[in-house]
Amino acid sequence: MTPIQVFTVAVIGAFAAVLSLIVVAALAAAVYTAASHLIAVREAHRERRRDLKTCRAIHALGTTDRQEQK
């Protein structure tokens, strides 16, 4: 192989490596964003469930401010 062919193969390999690193970085960012979103959705769901449980417990207590019917 001539020196120019070796250089050309090296340049193609370098571009492939850089492209691979960019793709891996983008994929990692996408996975991180998706995981963060799923965690936030899960926490919001837990909070709503906790609020609903509290509301049901308060509702089950009954009230004492009603005037009795005679």
Side-chain angles (χ1 to χ4, degrees):
M1 289 180 73
T2 66
I4 299 230
Q5 290 172 332
V6 172
F7 179 73
T8 303
V9 169
V11 169
I12 290 171
F15 282 139
V18 169
L19 182 63
S20 299
L21 289 175
I22 290 171
V23 168
V24 167
L27 183 62
V31 168
Y32 176 78
T33 303
S36 297
H37 180 70
L38 287 175
I39 290 170
V41 167
R42 182 173 173 241
E43 289 298 320
H45 177 70
R46 276 188 175 176
E47 188 66 30
R48 282 193 309 270
R49 250 187 18 217
R50 189 177 310 136
D51 289 344
L52 181 60
K53 193 181 287 185
T54 302
C55 290
R56 286 180 178 166
I58 291 170
H59 182 70
L61 290 175
T63 59
T64 58
D65 63 346
R66 289 189 206 161
Q67 295 179 356
E68 292 186 20
Q69 303 264 341
K70 292 184 181 182

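F7 shares a hydrophobic cluster with V11, F15; the chain of contacts runs through ILVMFWY side chains whose heavy atoms sit under 4.5 Å apart. Clustering of Ile, Leu, Val, Met, Phe, Trp and Tyr side chains at separations under 4.5 Å leaves L61 isolated, with no partner residue.
By the side chain to side chain contact (heavy atoms under 4.5 Å, CB included) test, T54 is found to be paired with I58, residues two or more places apart in sequence or in another chain being considered. Contacts of R48 classified as side chain to side chain contact (heavy atoms under 4.5 Å, CB included), with partners at least two apart in sequence or in another chain: A44, H45. Under the salt bridge (Lys or Arg N to Asp or Glu O under 4.0 Å) criterion, R50 pairs with E47, sequence neighbours left out.
Shown here for M1 and Q5, the closest heavy-atom pair between the two residues is CA-OE1, 3.4 Å.
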Side-chain donor-acceptor pairs of residues 21-35 under 3.5 Å, sequence neighbours excluded:
residue: T33; atom: OG1; partner: A29; partner atom: O; Å: 2.8

